[in-house]
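What follows is a single structure, written as structure tokens, with notes after it.
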Amino acid sequence: MKNDVVDILIIGAGASSAAAVYSLSSLNVKILCLEQGDWMNTSHYPSNYKDWQSLRNYKYNQSPNIRKSETDYPINEKDSDVQVANFNGVGGGTILYSGHFPRMKPSDFRVNTLDGVADDWPINYQTLNQYFSQNDINMGVSGLSGDPATPLHDLPLPPIAMGRMGEVMGRGFNKLGWHWWPSDTAIISEDYDGRRKCINLSPCNSGCSQGAKSSVDISYWHKNLRKRGVELRTRCRVREIIVDSNDMAKGVIYFDENGVEQKQYSEMVILACNGIGTPRVLLNSTSKYFPDGLANRSGLVGKNLMFHPWGRVEGTFQEMLHSHLGAQGSCLLSHEFYETDKKRDFVRGYTLQVVRGQPPVNTAIQGYLKGTIPLGYKHHEAFLKYYGKQISIEIMCEDLPEESNCVTIDDDLTDSHGIPAPKISYRLSENSKKMLKHASEKAIIALEESGAIETYSHGQVRETGWHNMGTARMGYDSKSSVVNEWGRAHDVKNLFIIDGSIFVTGGAVNPTTTIQALSLYISDQIKKNISTLFD
Amino acid sequence: MNSCNLNQDQTDTLKRFLNLIIPPCEKSGLIGAGEINLPEFVNKYDSNTLEIIINDLDIMNNLSIKKYSKSFTLLSEKECEHIFEHLKSNNNNFAKTLIINTLGCYYQNDSILKNLGISSKAPFPDGNQVISGDLNLLDPVRKMSRIYRDI
């Protein structure tokens with residue numbers, strides 16, 4: 001029967017959910033995943049079409065407020081320095097991510113002990129190490145072992161192509177004596193696991209038509225659904241989690257693909273809706289037992305929202321580098337300034353992520369907006385000066401948790417089912433501003449040393465809210481955290497959270513590999529503690 | 001140029017304006033933006049902005065008539081630039097939507113891309129050739145001592 005009681009109900013079918021289902025399916029129990037979006041079809045992605053640049057800018061835009069698909073929910077971000085980027089569908093954010101896949105570092109889990117700010121995690125790098133490796137194999141990750149900025153780990157596939165631009169930047173970093181390394185990347189550089197290798201389509205962040213980018217619909221879900229007892233229902237949007245008088249989750253109320261309200265009961269509920277969607281569901285799940293939102297007796301659900309404050313510096317080179325070709329967001333990175341240096345005027349650090357140049361349309365539009373490619377008779381000459389000759393250094397700063405940065409429920413805005421939408425309140429801290437300034441100066445130095453004839457700093461870039469973290473943080477103490485050290489809600493013993501919302505701090509790397517390692521770890525804890533799970 | 005939802009005045013103003021912002025280039029053989037089908041492009045990808053674009057065209061033409069007693073299409077290049085600069089000085093975002101859509105349309109046009117030596121094909125299934133890069137360049141980095149803080 002469609003809505004019979006299931007053993008495990010997971011909300012969301014993105015990165016963390018896919019990894020959890022993979023692990024939990026060994027329990028041979030009934031697992032149901034409800035996903036508000038659709039299955040994706042690689043033949044529909046923009047890079048199948050001549051007008052891929054326009055499709056990317058509109059229909060596959062990273063912002064749900066621009067995309068406005070009926071499977072999206074709107075987000076009020078008027079009071080935010082950062083605009084949220086996400087995707088709703090099987091695969092979640094991995095459909096539009098670039099696959100840049102560096103791990104968090106040991107120091108990222110001990111921020112308070114080492115630097116006297118924020119809080120330590122209740123787990124450490126070693127706890128997650130085996131799960132990072134397992135996830136690399138499951139996803140299909142390319143990279144090069146031996147990076148002195150990261151604990152030694154092997155990758156299942158060799159690194160993806162750096163291209164000429166990678167060599168140019170590598171030489172520049174070498175002149176400075178700075179660290180650089182080809183990025184760990186969730187894109188397969190060789191045929192792997194029944195999938196064909198990357199052929200450098202370039203627009204990775206609008207979906208990979210080749211299937212070489214390891215989005216979890218193709219890396220995990222196809223395997224998951226071959227397991228007995230696993231079911232995935234698309235176009236099912238959860239309104240709220242329901243509870244009983246014993247503070248136990250009973251299941252959810254959701255709208256099915258026909259917009260009909262349904263009730264689904266479950267022995268256990270797992271939330272995997274990312275750092276915005278998860279607090280939204282919890283805060284919308286009010287009852288006489290939880291008047292301020294489910295699992296929110298600490299008052300911390302939605303609080304401590306972290307992004308990665310983001311900057312961008314572009315360099316223009318004399319020679320044609322064909323820098324617009326290749327895996328768009330993944331080339332190489334520098335962790336020269338990742339760890340805290342007490343001589344600086346800020347704590348913690350940042351990644352310098354070297355990414356490809358822009359295709360023709362964005363070269364022209366961004367050049368116009370920056371004033372480097374004028375209109376009129378000088379336009380043609382200026383376009384050729386920049387096209388294929390630009391390299392961008394993206395600056396990814398560590399954010400620190402602040403309760404004033406938060407997700408709440410908007411008073412008026414709703415999605416197409418009438419479910420209240422999230423509202424983001426977020427401001428950059430002084431620490432982040434100082435870090436961005438430092439990083440921009442260093443990025444300019446790196447580009448100039450590599451031979452750039454011109455650089456342009458964008459400063460902080462608002463349209464960069466890919467990494468949503470911290471809004472249901474983990475910890476030992478129920479007064480200062482939402483979930484315990486293995487993802488179980490302090491207030492609701494059969495409710496687990498496995499996405500980026502449980503991050504205590506955010507590091508300065510793309511979070512997906514850490515989210516998935518965390519999800520595999522929590523799933524293992526659930527399996528190990530299954531007989532006393534709800535005690 | 002296909003006029004779509006534009007009247008004749010708007011169509012003429014648009015063509016004149018587009019050829020000013022991206023003029024044809026005799027030397028390279030590039031066509032001007034006035035030759036591309038912008039209304040169709042906007043209708044397909046960004047139809048919500050068509051009204052804004054039409055409004056901007058009307059504003060340009062009305063100001064031309066007011067200032068020079070002739071339509072925008074009959075103005076000299078200098079007069080056109082003056083009208084545009086005047087409107088931009090009052091509103092820095094004037095015609096921004098129109099210009100961004102023009103650049104989007106122009107740089108996906110087959111003949112323009114061919115002229116520039118850029119492939120107009122869909123990236124899939126052929127893909128692109130990118131060299132692996134020389135990993136020996138990492139030798140100095142390999143010689144570095146550990147730079148992460150171990151706990």
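Just so it is clear, the structure is predicted and the values come from calculations on it, not from any experiment. Labels below follow one simple rule: chain letters A, B, ... track the order of the sequence lines, proteins then strands, and each chain is numbered from 1.
If you take CG on B:L20 and OH on A:Y377, they are separated by 7.5 Å, rounding to the nearest 0.5 Å. Distance check: A:L375 CG to B:L18 CG gives 10.5 Å after rounding to the nearest 0.5 Å.
Using a 4.5 Å cut-off between heavy atoms, B:N109 does not touch chain A at all. Interface remark: B:S28 contributes no atoms to any contact with chain A (heavy atom separation under 4.5 Å). Heavy-atom distances place the side chain of A:R110, and not its backbone, under 4.5 Å from chain B. Proximity to chain B (any heavy atom under 4.5 Å) is shown, for A:P151, by both the backbone and the side chain. For B:D126, the part lying near chain A is the backbone, with the side chain staying farther off; criterion is any non-hydrogen pair under 4.5 Å. For B:I21, the parts lying near chain A are the backbone and the side chain together; criterion is any non-hydrogen pair under 4.5 Å. Only the side chain of A:Y387 comes within contact range of chain B, with heavy atoms under 4.5 Å apart.
Ring geometry, B:Y107 versus A:H379: the interplanar angle falls from 30° to 60°, so the pair is classed tilted.
For the options A:S107, A:A161, A:P148, heavy-atom pairs under 4.5 Å to chain B are most numerous at A:P148.
The side-chain heavy atoms of A:N200 and B:Q129, taken from C-beta on, include no pair separated by under 4.5 Å. Counting heavy atoms from C-beta on, the side chains of A:D115 and B:R149 come closer than 4.5 Å. The shortest side-chain heavy-atom distance between A:L114 and B:I151 falls under the 4.5 Å cut-off. Residues B:Y45 and A:L55 have side chains in contact (heavy-atom distance under 4.5 Å, counting atoms from C-beta outward). The side-chain heavy atoms of A:F383 and B:L116, taken from C-beta on, include a pair separated by under 4.5 Å.
Along residues 71-79 of chain B, the residues that come nearer than 4.5 angstrom to chain A, judged on non-hydrogen atoms, are B:E77 in order of number. Using a 4.5 Å heavy-atom cut-off against chain A, the contacting residues of residues 130-140 of chain B are B:V130, B:I131, B:S132, B:G133, B:D134, B:L135, B:L137, B:L138, B:P140.
In this structure, A:Q53 contributes its side chain and B:Q108 its backbone to no donor-acceptor pair below 3.5 Å.
Ring centers of A:Y45 and B:F124: at least 6.0 Å apart, outside the cut-off.
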